[in-house]
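The structure appears right after this line, and notes come after that.
In what follows, chains are A, B, ... by sequence order, proteins preceding strands, each numbered from 1.
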Amino acid sequence: MSSCLICGQELPFRNVASFVVMSSSQLERRSEGIREALSEFRNIVIDDDHDDLTLSHSGSKHTATKTKMDILLCWVLTLQHADGRTNLGGQSSAENSGSPTCGFFRFHLLDSMATLPIVQYEEKIIETIERNPVVVVIGETGSGKSTQLSQMLYRRGYADSARIVVTQPRRVAAVTVARRVAQELGVQLGEEVGYAIRFEDRTSHRTRIKYLTDGVLLRESLVNPELNEYSVVILDEAHERSLNTDILMGLMKRLAKIRTSNLKVLITSATLDGNKVSNFFRDCPVLTIPGKLYPVEILYSKERPSSYLESSLKTAIDIHVREPEGDVLIFMTGQVRVFNPPPPSCRRIIVATNIAETSLTVDGVVYVIDSGYVKQRQYNPSTGMYSLDIVQISKVQANQRAGRAGRTRPGKCYRLYPSQVYNDEFLDVTVPEIQRSSLAGSVLYLKSLDLPDIDILKFDFLDPPSSESLQDALKQLYLIDAIDENGAITSIGQKMAELPLEPSLSRTLMEANDYGCIPEALTVAAMLSAETTLLPARSKTEKKRKHPEPNLPDGFGLGDHIQLLQIFECWDQTDYDIGWCKDNGLQVRGMLFVRDVRKQLSQIMQKIAKGPLDIRSSRRRGESRQDYRNLRKALCVGYANQLAERKMHHNGYRTLGFQGQVVQVHPSSVLKADDLGKFPDYVVYHELIATPRPYMRNVCSVEMRWVVPVINKLKTLDVYKLSGGTGPVEEETERNVPDLPKKIVEVTAGVDDSESRIQAARERFLARKGKK
DNA sequence: GAGCACTGC
């Protein structure tokens, strides 16, 4: 029997319950479907009209605040009835006699460990730190490094003259760890111990230990590159290799050299990665602190299964039949619903993505089933396209997953692949994010630091990105005027770097400032910053509808950016009415985020802009027949690196700037064709996504004469010069040299090509003009 | 005429 984790009351579960684990944001996205599914059960009341989410069962009521960061929610989607029939959401429950079956669970992100192994090592740790400017700490799961390292240093007086700062890759972690440390020290959160995440700074002048996300520390070092405010910088969870932490590691290496006398740097990492990080930091010492994990027996498959879903289910049932009690956690690559045949007794089976690797701890898990795969987003710098690929996990990830089985008692991990695959095929560590992302933003950031001793192409990365990727970033930055032809940052670029946006959007804002359409541009940038504001498409019955909500504005057919602007303006006119969002199929959480981002961007723009800015959303700005000319012009300048030209005789497009990728407008776009059925000759796109077919997602119509300067600029592009080649090739850049000739050839070809493209476009333009 | 791993400023 299961009991509610909040009230302890026994829930009327019988037999197997399948769970889908999701983060609170996913929950928000899916709450619509879940409410529908649960409405089939009697006695279940869900009320999420407000920011709180209330769920009642068997007469008692539970409330959780959605925005509260220390809990994640997990919903039961499928349950087994006592009589053996499965009641699935969406099916009629009229003839079901079983009790209502629904649970509301709450998982703490951190376990409370009575005795932390790290405590015994305090003397050794302090001694090592005292003697060395940089120390790598290998702390296995449950060692307490995130909470204890900062406190040890605090006790030893390291926070007397300056603060101790600890970075985390995730907001939740920054908040929960800070809260825990404040508790342990018996102080009010925000006083001696505080945290800083985007939109929320809970620190004061009294704060001695500060937790923050790695992104926030990067922003801070933009203002104060020497980070003089801090005496100790701890980069936690560095083995996760987040883009920001990787950049911080490079910066810390330099800073440790400059501030030798008064800065300590601690890097925490995984076993397999420790020596590499130590080598990077000039062979700094490595301290290994054992974790508090129970042994986990690893079992391999003889061969790889043909179906991972089937195989993991079979394994789960196998465990269920043969093994003693304990919950099962299955790592898959996507959200799947699992409908099981009825086994004899009760056990939880949790199906999760890699969210359970880091963000989520589920108590009671004893068995882990690991598919060996993960879904990963990757960027291809030669095409400018993103793709979402299912790839093999690394050894570090596999061990992380296995570790989830040993948190409460000895466990077992079933790997659905042979040991030979683990040993020979799996990479030791996860490919760092820096090697699979577009680097335009990061390169601009590094350039804006204007550190005399830093050259981007020679920047000391733990794992350097490919020179192709760096050159792609430089090319993009050049096209949007953030750097000049010699690769030096421009005054525009300097301002752009201050905005927490991707470069295209910050450039758009700069240009909009000159064209007098800053309120509109702020809105567009904020809307595009939110993952998704529209709710996912409804269930099958409504599948036929072309767009999720016909009542929403359509961007006048000019494109998705315009539609996003209009949507926000409509909401603005209702004074940010939550009900309006719901009626129009918009995610409340997403829209509130947009409002916050817009406010933040406005404040930064006020600082950057020369004169005072009117950033009020244009409620009634007069013009009845707006064609959003200025805004689209600004977008064209900002997205000079993301332009596409329609192909001569059909509605396919070819991207400019890259090697002429042929792409289509994403079917979800509101871009309209003209009377002849043709799309506009030129569009800007927000993103290229290589699903089986390559699509442009979020496009906006622009005019040829705005594009011409960009095409001219493409002609002058010289990647070699951009790469900062102020002089002849130096020894240290040699690793980039082999790639260079190839790039130059490609670029030259692109220039020739653009010539003919201009010609073609001109012809089309004249032909159309003649017709009218 | 489509398909969504996970973060973050």
Side-chain angles (χ1 to χ4, degrees), chain A residues 21-26 29-30 33 72 167-174 196-201 212-223 237 240-248 331-336 351-360 371 373-378 386-391 393 397 400 430 432-434 436-437 441-442 444-445 448 496-503 505-506 525-526 529-532 534-537 543-548 593 596-597 600-601 603-604 651 664-669 671 687 689-697:
Chain A
V21 177
M22 52 187 97
S23 65
S24 47
S25 63
Q26 286 174 311
R29 227 177 290 150
R30 285 157 198 264
L72 290 166
T167 69
Q168 293 290 333
R170 279 171 299 281
R171 295 161 55 101
V172 258
I197 58 178
R198 190 179 191 178
F199 306 133
E200 202 180 346
D201 184 349
L212 37 62
T213 48
D214 46 16
V216 170
L217 188 60
L218 278 182
R219 287 281 143 203
E220 287 189 359
S221 69
L222 200 55
V223 184
E237 315 288 2
E240 286 184 28
R241 305 302 304 275
S242 80
L243 179 56
N244 288 336
T245 297
D246 264 24
I247 292 175
L248 281 171
F331 283 98
M332 298 295 290
T333 56
Q335 301 280 357
V336 264
V351 183
T353 60
N354 44 337
I355 186 170
E357 266 171 39
T358 50
S359 306
L360 179 72
S371 65
Y373 287 99
V374 67
K375 209 181 267 184
Q376 237 175 29
R377 190 177 149 97
Q378 331 225 39
Y386 286 95
S387 58
L388 207 57
D389 304 317
I390 293 177
V391 298
I393 57 171
Q397 273 172 302
Q400 188 90 31
T430 316
E433 203 185 343
I434 202 166
R436 40 185 179 88
S437 317
S442 304
L444 178 63
Y445 170 82
S448 78
M496 283 166 58
E498 288 187 46
L499 291 157
L501 289 172
E502 49 198 283
L505 287 173
S506 37
S529 295
E531 335 83 283
T532 43
L534 283 171
L535 286 173
K543 211 177 180 178
K544 269 199 167 177
R545 273 197 306 199
K546 192 170 180 184
H547 297 295
F593 177 77
D596 284 345
V597 173
Q600 187 191 26
L601 295 177
Q603 287 164 350
I604 299 171
N651 276 341
Q664 304 279 331
V665 176
H666 197 277
S668 66
S669 175
L671 186 74
E687 184 181 64
I689 177 94
T691 46
R693 286 195 199 171
Y695 284 111
M696 296 183 282
R697 217 187 262 163

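Residue-to-nucleotide proximity on DNA chain B shows that, of A:Thr213 and A:Arg693, the 5′-proximal contact is made by A:Arg693. Residue-to-nucleotide proximity on DNA chain B shows that, of A:Leu501 and A:Arg436, the 5′-proximal contact is made by A:Arg436.
Comparing atom distances between the A:Arg170 side chain and each of B:dA5, B:dT7, B:dA2 picks out B:dT7 as nearest.
Nucleic acid contact for A:Val216: sugar-phosphate only, since backbone atoms but no base atoms lie under 4.0 Å from a heavy atom of the residue. Among the atoms of the strands shown, none is found under 4.0 Å from any heavy atom of A:Ser242.
Side-chain N/O atoms of A:Ser242 and A:Asn244 include no donor and acceptor closer than 3.5 Å. Of the N and O atoms on the side chains of A:Tyr445 and A:Ser221, at least one donor lies less than 3.5 Å from an acceptor on the other residue.
When the side-chain contact (heavy atoms from CB on, under 4.5 Å) test is applied to A:Asp201, the partners found at least two apart in sequence or on another chain are A:Ala196, A:Thr203. Residues that satisfy the salt bridge (charged side-chain N to carboxylate O under 4.0 Å, His left out) test with A:Asp246, not counting sequence neighbours, are A:Arg241.
Using a 4.0 Å cut-off, some side-chain N or O of A:Arg171 falls inside it from OP1 or OP2 of B:dC9. Look at A:Thr691 and you'll find a side-chain N or O under 4.0 angstrom from OP1 or OP2 of B:dG3.
Rounded to an integer number of Å, the gap from CD of A:Gln168 to P of B:dG8 is 11 Å.
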